[in-house]
There are 2 protein chains.
Amino acid sequence: MDNKKSEGQAAALPPSNERPTLKTIAFMTGLGITTVSRALKDAPDISAETKERVRLVARQIGYQPNRAGVRLRTGKTNVISLILSLEEEIMGLTSPMVIGISEILASTQYHLVVTPYRTQGNALDPVRYVLETGAADGVIISRTEPKDPRVALMMERNFPFATHGRTEMGFSHPYHDFDNERFAYEAVRRLVEMGRKRLILLQPPPYLTFYLHMRGGFERGVRDFGATAVPFNTVNLDNSLLDIREAAEGVFSGPDAPDGIVSGSGGGAVALIAALEANGLKLGQEIDMVSKEPHMFLQWLRPEVVTMREDIRLAGRELAKAVIARIEGIPPEELQTLSYPIPTE
Amino acid sequence: MDNKKSEGQAAALPPSNERPTLKTIAFMTGLGITTVSRALKDAPDISAETKERVRLVARQIGYQPNRAGVRLRTGKTNVISLILSLEEEIMGLTSPMVIGISEILASTQYHLVVTPYRTQGNALDPVRYVLETGAADGVIISRTEPKDPRVALMMERNFPFATHGRTEMGFSHPYHDFDNERFAYEAVRRLVEMGRKRLILLQPPPYLTFYLHMRGGFERGVRDFGATAVPFNTVNLDNSLLDIREAAEGVFSGPDAPDGIVSGSGGGAVALIAALEANGLKLGQEIDMVSKEPHMFLQWLRPEVVTMREDIRLAGRELAKAVIARIEGIPPEELQTLSYPIPTE
DNA sequence: CAAAACACCTGTATCGTTACAGATTTATAG
DNA sequence: CTATAAATCTGTAACGATACAGGTGTTTTG
């Protein structure tokens, strides 16, 4: 009769040797499941002593909340989705990005889910998927456009996200970006310092925001330092290295050939070098180049190239921190960071 | 009174404008929730007409099962976990691997979750985590060892997984591997054909399985083709490019310097080239090299290097297919694939 | 034509967690 | 010494899906 008390939530079942749940802890401590739940989240209506006891037992038996249970009840997924193009990247930007994000998430409850999309035109699909199915608490996207429909959609739904790259949409959102304006500007400066005048830029595709930055920096440099921009628009960083090489061979062998190159990526630089050398040109002699350098390839195999590093792993870390902060309600204005070209010596 | 019938599961609630659930479909079709559930999984005790009706409505309103609900009830997570070292890779193997896996998972219900570990010694942690928390239905690991404790653990628990790389543990499990034995063997053949005799191998760290393969192929080649293996054990593919370069400079400048190089990675090759050129050697003259080529770097910047490609994206695809097949109960023996060096151009 | 078989559908309980609305005990107020 | 307020704790319901054990109506069997 008196054991009514022990017939409550807590004592209903033996501990069992399965994965521990709140019920297990409730049984072990003699408390109710609700109490245990609230104790673990440090609720104000639980006594300090009880909290301590619950935490102790929880740690002891290695309790980890069941993600499906939490997710079903609260809608919180504890997932960050990285949205990736399957076509992306000649030269794995993805690796350091994934690693950087993982580094940050490792010390949180968040898991990283990679959500791919097939082609350029379908970039909105995975975002819609996440929004509609509630597959994640926050999203990281890259390849941003000045008016980015993905950003518009997530803003409208008030869904936490961070972008690798800026937009120009008249409101602020979390981002991390590399200062491509400065990169190109400094690149032009260096080339002019080396006596080069007729410059080409291997640039991003025109619809991406960082095209504007890189192009802008390039043109400002050309103006400020008194050089000439030679057109090179038939290919961009999204083309295959083979296409870039082919297009470059055309430019180098044509009239008014350039004598200076700014390459927006290390992979592209290799194609450009192959092209210019196929035309009998030599770096450091008839022509010079400034490029981003993902590894040590250019530095060691073509030391004549002036290289600057872009830290993608850092970008991953910053983006991860930004989405999480956004999820936690930090205002977007405080979650915008820029990184700068790192000179390689 | 008669409306008892309509007070059952189905009619309890209006459709609401939230995300549709089984209840929504039940309401719309006038069926019970259970019936809808079973209809959607094509159970035999539901009439063909009902199934058709349910499927139609489900498609119409864009029903997608709630993952948390399924997971909580059935334990099925619909997640594949890719376990990654945060230190991994000088030259992003991860990118094409992630892309390859995603390509396959995109047409399934599976999501890809990246689960990192910090350092070599902690490789078992993420595996334990997945096993203990049931975070995934299957796991993909790389950097396998001949006696791999992760493999042992997952076999013991009968947990589906696939490895990038083989093991030597006396039982079979799903894997995909690159034939490093053949790579090294062919590399030696090529070098000997070019008249080289004193060969070094930039090899994997000795505790990884593919060390045995690459080393084995190298030594078999040395024997078969009559060359000499020059020791080069102070560094391996896990060292930084700087360390490799430094060690290589020592070997090239020492007595009995090698005249042929087999490099197990493209990144390593760059370091070796930097080293040998710093010693005044020239590829194709005093020395030759065969290397894996991740991109077009070597091919275009040092065409004297003989390169072979390893298709990591393919590995990702194969591994994804293998885990899923394993989850579906296909015997491991049928899930073992090997890929072969791809001669470049 | 009653009994058994069949075809098809449905309610209940449950997975683990948390929001919410009490319940119980003890301390404070009047 | 009763009424109120704190301080703690707890049961119930619900999130969405599914396993299981019926239920109902129709058809077949003997």
Side-chain angles (χ1 to χ4, degrees), chain A residues 2 4-13 15-16 18-27 29-54 58 61 63-78 109 133-135, chain B residues 4-13 15-16 18-27 29-54 58 63-78 109 133-135:
Chain A
D2 197 352
K4 261 278 154 58
K5 192 186 171 193
S6 58
E7 276 181 0
Q9 278 178 307
L13 274 193
S16 117
E18 294 299 301
R19 185 175 164 201
T21 69
L22 291 180
K23 202 193 236 167
T24 317
I25 301 178
F27 177 81
T29 55
L31 295 164
I33 294 176
T34 303
T35 311
V36 174
S37 173
R38 296 186 57 65
L40 286 174
K41 18 184 64 57
D42 202 21
D45 64 347
I46 307 292
S47 78
E49 191 235 322
T50 299
K51 285 180 190 169
E52 202 38 65
R53 214 152 54 86
V54 168
I61 64 178
Y63 169 75
Q64 300 216 237
N66 180 305
R67 308 192 121 228
V70 175
R71 179 166 172 175
L72 182 57
R73 182 65 240 246
T74 66
K76 177 121 214 255
T77 62
N78 286 301
Q109 276 306 305
T133 65
Chain B
K4 262 279 155 56
K5 193 186 172 194
S6 57
E7 275 180 0
Q9 278 178 307
L13 274 194
S16 120
E18 294 299 301
R19 186 175 162 203
T21 69
L22 290 180
K23 202 194 239 168
T24 318
I25 302 177
F27 177 82
T29 56
L31 294 164
I33 294 177
T34 304
T35 310
V36 173
S37 172
R38 298 187 55 65
L40 286 173
K41 23 183 58 59
D42 202 22
D45 65 347
I46 307 292
S47 77
E49 190 234 323
T50 299
K51 285 180 191 171
E52 202 38 66
R53 213 152 54 87
V54 168
Y63 168 73
Q64 299 215 239
N66 180 305
R67 305 193 125 230
V70 176
R71 181 165 171 175
L72 183 56
R73 182 64 239 245
T74 66
K76 179 125 216 262
T77 63
N78 286 302
Q109 277 305 303
T133 65

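A, B, ... follow the sequence lines: proteins, then strands. Residue 1 opens every chain.
Atom CD1 of Ile25(A) is separated from atom C1' of dG16(C) by 12 Å (rounded to the nearest Å). Atom-to-atom, NZ of Lys23(B) to C1' of dG11(C) comes out at 14 Å; the value is rounded to the nearest Å. Spacing between atom CD1 of Ile33(A) and atom P of dT17(C) amounts to 9 Å, rounded to whole angstrom units. The separation between Arg71(A) atom CZ and dA14(D) atom C1' is 18 Å, rounded to whole Å. Taking atom NZ on Lys76(A) and atom C1' on dG16(C), their separation rounds to 17 Å, with Å as the unit. With rounding to whole Å, Leu31(A) atom CG is found 10 Å from dG11(D) atom P. To the nearest angstrom, P of dT8(D) lies 13 Å from CG of Asp42(A). Rounding to whole angstrom units, CG of residue Leu22(A) and C1' of dT14(C) are separated by 16 Å.
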Could you list the protein-to-nucleotides 21-28 of chain C atom pairs, N/O on both sides, closer than 3.5 Å?
none

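Under the 4.5 Å side-chain criterion, counting only non-hydrogen atoms from C-beta, Leu72(B) is in contact with Asn66(A). Proximity of Arg19(A) to Gln64(A): side-chain heavy atoms (C-beta onward) are separated by under 4.5 Å at one or more points.
At least one side-chain nitrogen or oxygen of Tyr63(A) sits closer than 4.0 Å to the OP1 or OP2 atom of dT17(C). Of the side-chain N and O atoms in Ser37(B), one or more sit less than 4.0 angstrom from OP1 or OP2 of dT18(D).
Among the nucleotides dC9(C), dT18(D), dT17(C), the one closest to any side-chain atom of Lys41(B) is dT18(D). Residue Arg73(A) has its side chain nearest to dT18(C) when only dG16(D), dT18(C), dT18(D) are considered. Distances from the side chain of Thr35(A) to the nucleotides dC9(D), dT18(D), dC9(C) place dC9(D) closest.
Atoms OG1 and CG, on Thr34(A) and Leu22(A) in that order, are 9.0 Å from each other to the nearest 0.5 Å.
Sequence order on DNA chain C of the closest nucleotides to Ile46(B) and Leu72(B) puts Ile46(B) first from the 5' end. The residue among Pro65(B) and Ala48(A) whose nearest nucleotide of DNA chain D lies closer to the 5′ end is Ala48(A).
Judged as a side chain to side chain donor-acceptor pair (under 3.5 Å), and not counting sequence neighbours, Thr133(A) has no contacts. For Ser47(B), the side chain to side chain donor-acceptor pair (under 3.5 Å) partners two or more places apart in sequence, or in a different chain, are Thr50(B). Residues that satisfy the side chain to side chain donor-acceptor pair (under 3.5 Å) test with Ser37(A), not counting sequence neighbours, are absent from this structure. Ile25(B) is linked by a side-chain contact (heavy atoms from CB on, under 4.5 Å) to Thr29(B), Val36(B), Leu40(B), Val54(B), Val57(B), Ala58(B), Ile61(B), Tyr63(B), counting only residues two or more places apart in sequence or in another chain. The side chain to side chain donor-acceptor pair (under 3.5 Å) search around Arg53(A) returns none, not counting sequence neighbours.
At distances below 3.5 Å, not a single donor-acceptor pair connects side-chain atoms of Arg71(A) with backbone N or O atoms of Arg67(B).
With axes fitted over five pairs at each extremity, the angle between the ends of the helix from dC1(C)-dG30(D) to dG30(C)-dC1(D) is 60° (10° resolution).
Residues Gly32(A) and Ala26(A) approach most closely at C-CB, 4.0 Å, considering heavy atoms.
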